[in-house]
Enquirer: 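Pasting in a structure now, in structure tokens, and then I'll have a few things to ask.
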Amino acid sequence: MLQPPTGTRDFYPAEYNRLRYVTETWRAVSVRHGFEQIDGPTFEHLDLYKIKSGDGIVSELFSFERFGGEKTYALRPEFTPTLARMYAARAGALPKPTRWFCTPTFFRAERPQRGRLREFSQWNCDILGDDSPQADAEIIACAVEALRALGLTSEHVKVRISHRAAVEQALVKRGVEPAQLPRWFTLLDRVGKISNDAFIDEAMKLGMSSAMSLQLISMMTQATTFEEPTTQVMLGEETTGTGPAYFKALFAALEEQGVADWCLLNLGIVRGLAYYTGMVFEIHEAQGALRAIAGGGRYDKLIELFGGPPTPAVGFGMGDVVLSLVMEDKGVMPTDAVIAERLGLRPDAVVISNGTPEADAALPRVLSALRRGNLHARRSGKATKNIGKLLQDAARMNARYCVILESGSLATLKDMATGAQSQVPLGEVVARIARR
RNA sequence: GUGGCUGUAGCUCAGUUGGUUAGAGCGCGAGGUUGUGAUCCUUGAGGUCGCGGGUUCGAGUCCCGUCAGCCACCCCA
């Protein structure tokens with residue numbers, strides 16, 4: 001049997017509904033938070049992705065040339081370059097701030113694993129043209145509210161927040177030269193993955209004492225709430241100037257938006273490469289299982305890099321794969337029937353015949369009258385004339401009503417939830433089932 | 001991309017030290033009984049045992065390769 005390509009998924013109806021449940025929740029939450037939906041091409045010029053990520057990105061992409069063509073394209077592995085390109089092209093005409101979201105599919109040529117596929121859906125939410133801590137908090141709150149809407153709680157998942165300036169400050173304070181900072185960020189990203197001894201070895205090669213390194217490890221691995229004294233001490237000690245003031249404002253805004261209890265300060269969240277300029281965050285399962293559900297932060301230099309005007313920006317991405325796994329692990333993924341109902345897919349009526357020629361003849365007419373009346377109407381695909389089995393089929397379809405045709409003019413209308421039945425002339429069936 | 005584990009029906013799994021036409025439950029289809037979602041009875045379809053080689057008189061079972069899934073690296077935009 002032919003298999004789908006590595007790391008891709010077939011979506012049969014139940015799986016497709018689960019995906020839609022997630023993506024439609026993303027969309028609804030985005031709209032409620034004042035974001036407008038956009039989209040771009042599924043593939044871009046390969047060079048677009050080198051601008052932000054360098055040549056090293058190429059091996060992670062699905063890139064291709066058209067037969068006989070000369071240009072090299074790549075399936076989109078992320079949205080930010082497209083967003084930056086689109087924003088830069090019309091920056092002068094766009095409102096400040098601009099709030100955009102999208103929920104498309106992306107493609108990465110990585111080796112698949114649990115929670116990591118080669119094709120996935122990802123929600124992106126960005127605020128462009130607003131450099132305030134309130135904007136940072138709104139971005140975090142929007143991500144959290146989607147998780148809340150999907151049934152997750154602050155017990156299930158945690159937002160871990162860091163700030164590049166705070167981490168840089170901590171490094172500089174321990175004698176690190178600014179030119180060495182990129183190498184340090186790479187090393188800090190490995191805290192927890194390599195042993196403390198291995199970390200200290202590497203740190204000593206970069207010229208830091210083991211005592212200082214231990215302090216650093218401790219700071220990077222602590223995840224504390226904002227109220228905790230250690231947090232205040234850490235922020236007071238490790239950051240200067242706007243640092244403590246920034247976090248105070250951020251936390252106040254998170255508090256105002258009712259998501260502060262989901263959030264922790266964890267300076268160990270470095271978020272890989274260098275285009276983040278300020279606050280960075282990741283959302284993880286509370287015990288640290290799986291990969292990040294979402295990640296994002298502030299990238300104030302990126303729009304310029306893509307040829308636009310200087311524009312502060314903050315945003316995040318949230319993929320469907322890890323999120324769905326966490327929802328299933330936490331038992332908050334609704335049943336197929338509940339999802340179908342929430343998506344508006346529950347049949348209003350299933351029409352069945354009692355097997356007489358008159359009723360059989362009336363069935364198609366009743367069915368199409370219901371459909372013309374803007375109702376979701378089905379018939380059973382079963383060949384049997386057994387009323388019990390046909391009702392069972394209607395129950396399986398989770399229909400609101402079953403219309404049992406008794407003759408060419410009369411039907412029994414059964415409310416499938418209550419079991420209540422009544423006799424109804426065929427001409428009144430649509431009106432009786434119509435929702436008010 | 002590197003290394004390891006796994007692979008029997010749509011799903012969950014049986015399948016003796018290699019031995020006849022590879023099984024079960026659920027699900028799916030058809031029929032029967034009861035004019036009401038249940039129960040029960042009968043019955044059908046669906047597998048070249050992931051795929052391809054090899055060893056053997058004989059391979060679902062052993063070996064190699066390959067593909068896919070999972071795990072650890074890597075990466076995480």
Side-chain angles (χ1 to χ4, degrees), chain A residues 1-10 12-15 44 48-54 56-61 74-84 106-118 120 122 124 126 186 189-190 193-194 269-276 280 282-284 289-297 299 302 305 315-319 321-322 325 350 352-356 359 380-406 411-423:
Chain A
M1 192 61 71
L2 296 173
Q3 296 167 319
T6 307
T8 62
R9 293 171 286 178
D10 292 329
Y12 291 89
E15 289 95 52
E44 293 269 12
L48 184 78
Y49 297 115
K50 294 183 183 171
I51 295 174
K52 170 178 165 227
S53 308
I57 193 69
V58 175
S59 65
E60 306 291 329
L61 303 179
L75 294 178
R76 59 182 170 198
E78 59 162 326
F79 195 68
T80 305
T82 298
L83 175 101
F106 296 101
F107 308 85
R108 297 179 187 176
E110 296 185 288
R111 183 133 173 197
Q113 258 177 54
R114 183 174 158 85
R116 180 173 79 176
L117 298 175
R118 289 186 161 186
F120 53 92
Q122 185 175 282
N124 287 261
D126 294 272
T186 303
D189 205 25
R190 301 188 55 75
K193 291 179 183 171
I194 59 177
I269 301 301
V270 177
R271 287 250 96 203
L273 300 178
Y275 70 94
Y276 286 112
V280 292
E282 286 184 354
I283 306 181
H284 272 92
L290 294 166
R291 302 151 69 78
I293 297 168
Y299 51 99
L302 206 63
L305 192 58
F316 71 86
M318 180 184 296
V321 182
V322 174
L325 288 172
V350 170
I352 66 180
S353 162
N354 69 350
T356 62
S380 174
K382 309 278 184 198
T384 183
K385 298 188 188 309
N386 181 322
I387 300 290
K389 285 188 178 169
L390 292 170
L391 275 167
Q392 183 182 10
D393 203 32
R396 259 182 213 161
M397 290 187 247
N398 198 29
R400 291 168 57 222
Y401 289 95
C402 187
V403 181
I404 306 167
L405 300 177
E406 304 292 359
T412 299
L413 185 62
K414 183 179 181 93
D415 182 321
M416 296 297 282
T418 64
Q421 299 189 167
S422 56
Q423 305 291 305

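In what follows, chains are A, B, ... by sequence order, proteins preceding strands, each numbered from 1. The shown structure was predicted, so the numbers you read here are calculated from the model rather than taken from an experiment.
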Enquirer: Per the salt bridge (Lys or Arg N to Asp or Glu O under 4.0 Å) rule, what does the pair list look like for residues 106-115 of chain A, sequence neighbours excluded?
Expert: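 Pairs touching residues 106-115 of chain A that pass the test: A:Glu110-A:Arg116, A:Arg114-A:Asp329.
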
Enquirer: Could you work out the separation of B:C67 and B:G32 based on their C1' atoms and round it to a whole Å?
Expert: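 Going atom to atom, C1' in each nucleotide, I get 47 Å.
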
Enquirer: How would you label the contact of A:Gln392 with the nucleic acid (heavy atoms, under 4.0 Å): base, sugar-phosphate, or nothing?
Expert: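 Sugar-phosphate contact only.
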
Enquirer: Could you tell me the Watson-Crick or G-U partner of B:C5, where both distances fall under 3.5 Å? Say none if there is no partner.
Expert: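 B:C5 is paired with B:G69.
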
Enquirer: Can you tell me the distance, in whole Å, between the CG atom of A:Leu61 and the C1' atom of B:A77?
Expert: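 So the two atoms are 10 Å apart, to the nearest Å.
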
Enquirer: Which comes earlier along RNA chain B counting from the 5' end, the contact point of A:Arg108 or that of A:Thr8, where each point is its nearest nucleotide?
Expert: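 The 5'-side residue here is A:Thr8.
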
Enquirer: Taking the same atom, C1', in B:G52 and in B:C57, what whole-Å distance lies between them?
Expert: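 Going atom to atom, C1' in each nucleotide, I get 23 Å.
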
Enquirer: Using whole Å, report how far CD of A:Glu60 lies from P of B:A77.
Expert: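 These atoms are roughly 12 Å apart.
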
Enquirer: Quick check: on RNA chain B, is the nucleotide nearest A:Pro77 upstream (toward 5') of the one nearest A:Gly419, or the reverse? Name the residue that is more 5'.
Expert: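 The residue whose closest nucleotide sits nearer the 5' end is A:Gly419.
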
Enquirer: Would you measure the distance from the C1' atom in B:G23 across to the matching atom in B:U8 and give it in whole Å?
Expert: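 These two C1' atoms come out 10 Å apart once rounded.
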
Enquirer: Considering only the P atoms, how many Å lie between B:C5 and B:G58, rounded to the nearest integer?
Expert: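 After rounding to an integer number of Å, I get 29 Å for this pair.
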
Enquirer: What heavy-atom pair brings A:Cys402 and A:Leu391 nearest, and what distance separates the two atoms?
Expert: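 For A:Cys402 versus A:Leu391, the nearest heavy atoms are SG-CD2, 3.8 Å.
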
Enquirer: Measure the distance from CD on A:Glu15 to C1' on B:G10 and round it to the nearest whole Å.
Expert: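 Answer to the nearest Å: 11 Å.
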
Enquirer: I need the CG-C1' distance between A:Asn124 and B:C76, as an integer number of Å.
Expert: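 Rounding to the nearest Å, CG of A:Asn124 and C1' of B:C76 are 14 Å apart.
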
Enquirer: Relative to the ring of A:Tyr276, is the ring of A:Tyr299 parallel (under 30°), tilted (30 to 60°) or perpendicular (over 60°)?
Expert: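 Plane angle over 60°, so perpendicular.
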
Enquirer: Within the 4.0 Å limit for protein heavy atoms, which parts of nucleotides 28-36 of chain B are touched? Write it as a string from 5' to 3', B for base, S for sugar-phosphate only, - for none.
Expert: SSSBBBBBB

Enquirer: Check whether any side-chain heavy atom of A:Gln423 sits under 4.5 Å from a side-chain heavy atom of A:Thr412, and report yes or no.
Expert: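 When only atoms from C-beta onward are counted, A:Thr412 and A:Gln423 do touch, with a gap below 4.5 Å.
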
Enquirer: Considering only the P atoms, how many Å lie between B:G47 and B:C11, rounded to the nearest integer?
Expert: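 Pairwise P distance, B:G47 against B:C11, rounds to 13 Å.
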
Enquirer: Is it true that a side-chain atom of A:Glu60 and a backbone atom of A:Ile57 form a donor plus acceptor pair closer than 3.5 Å?
Expert: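 Answer holds: no.
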
Enquirer: May I have the distance from A:Phe106 (atom CZ) to B:C75 (atom C1'), rounded to whole angstrom?
Expert: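 Rounded to the whole Å, the gap is 17 Å.
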
Enquirer: Minimum heavy-atom separation for A:Leu61 and A:Ala109, please, with both atom names.
Expert: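 Smallest heavy-atom distance, with atoms named: O-CB, 3.8 Å.
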
Enquirer: Testing the basics here: between A:Leu390 and A:Ser353, what is the closest heavy-atom pair and its distance to 0.1 Å?
Expert: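 Looking at all heavy atoms of both residues, the shortest contact is CD1-O, 3.9 Å.
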
Enquirer: Using a cut-off of 4.0 Å on non-hydrogen atoms, how would the nucleic acid contact of A:Gly7 be classed: base, sugar-phosphate, or nothing?
Expert: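 Sugar-phosphate, no base atom in range.
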
Enquirer: Between the base of B:C75 and the side chain of A:Arg116, is there a donor-acceptor distance below 3.5 Å?
Expert: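 Result: at least one qualifying N/O pair found.
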
Enquirer: Heavy atoms under 4.0 Å, any strand shown: does A:Ile57 hit a base, just sugar-phosphate, or nothing?
Expert: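 Base contact - A:Ile57 has a heavy atom under 4.0 Å of at least one base atom.
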
Enquirer: Nearest whole angstrom, please: distance from the P of B:C73 to the CZ of A:Arg291.
Expert: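 Whole-Å distance recorded here is 11 Å.
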
Enquirer: For B:U21, which nucleotide is its Watson-Crick or G-U wobble mate, given both distances must be under 3.5 Å?
Expert: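 For B:U21, the partner nucleotide comes out as none, under the 3.5 Å rule.
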
Enquirer: Expressed in whole Å, how much space separates the C1' atoms belonging to B:G18 and B:U55?
Expert: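 So the two C1' atoms sit 12 Å from each other.
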
Enquirer: Taking only the P atom of each, what is the distance from B:A24 to B:C41 in whole angstrom?
Expert: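 16 Å, rounded to whole Å.
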
Enquirer: Which nucleotide, in any strand shown, forms a Watson-Crick or G-U wobble pair with B:G52, with both distances under 3.5 Å?
Expert: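 Per the H-bond distance test, B:C64.
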
Enquirer: Expressed as a whole number of angstroms, how long is the span from A:Gln113:CD to B:C76:C1'?
Expert: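 In whole Å, B:C76 C1' and A:Gln113 CD are 11 Å from each other.
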
Enquirer: Which heavy atom of A:Met397 sits nearest a heavy atom of A:Ser380, and at what distance?
Expert: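 So the minimum-distance heavy-atom pair works out to CE-CA, 4.1 Å.
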
Enquirer: Do you know the tightest heavy-atom contact between A:Ile269 and A:Val280?
Expert: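 A:Ile269 and A:Val280 have their closest heavy atoms at O-CG2, 3.3 Å.
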
Enquirer: Using only modelled atom types and a 3.5 angstrom limit, is any donor from either the side chain of A:Arg111 or the base of B:G69 paired with an acceptor on the other?
Expert: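 In this structure, the two groups form no donor-acceptor pair.
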
Enquirer: In whole angstrom, give me the gap between the C1' atoms of B:U61 and B:U17.
Expert: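 To the nearest whole Å, 11 Å.
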
Enquirer: Rounded off to whole Å, could you give me the CD1-to-C1' distance for the A:Ile293 and B:A77 pair?
Expert: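 Nearest whole value for this atom pair: 18 Å.
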
Enquirer: Taking a pair as Watson-Crick or G-U wobble with both distances under 3.5 Å, which nucleotide is matched to B:G46?
Expert: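 Because no pair has both required distances under 3.5 Å, B:G46 counts as unpaired.
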
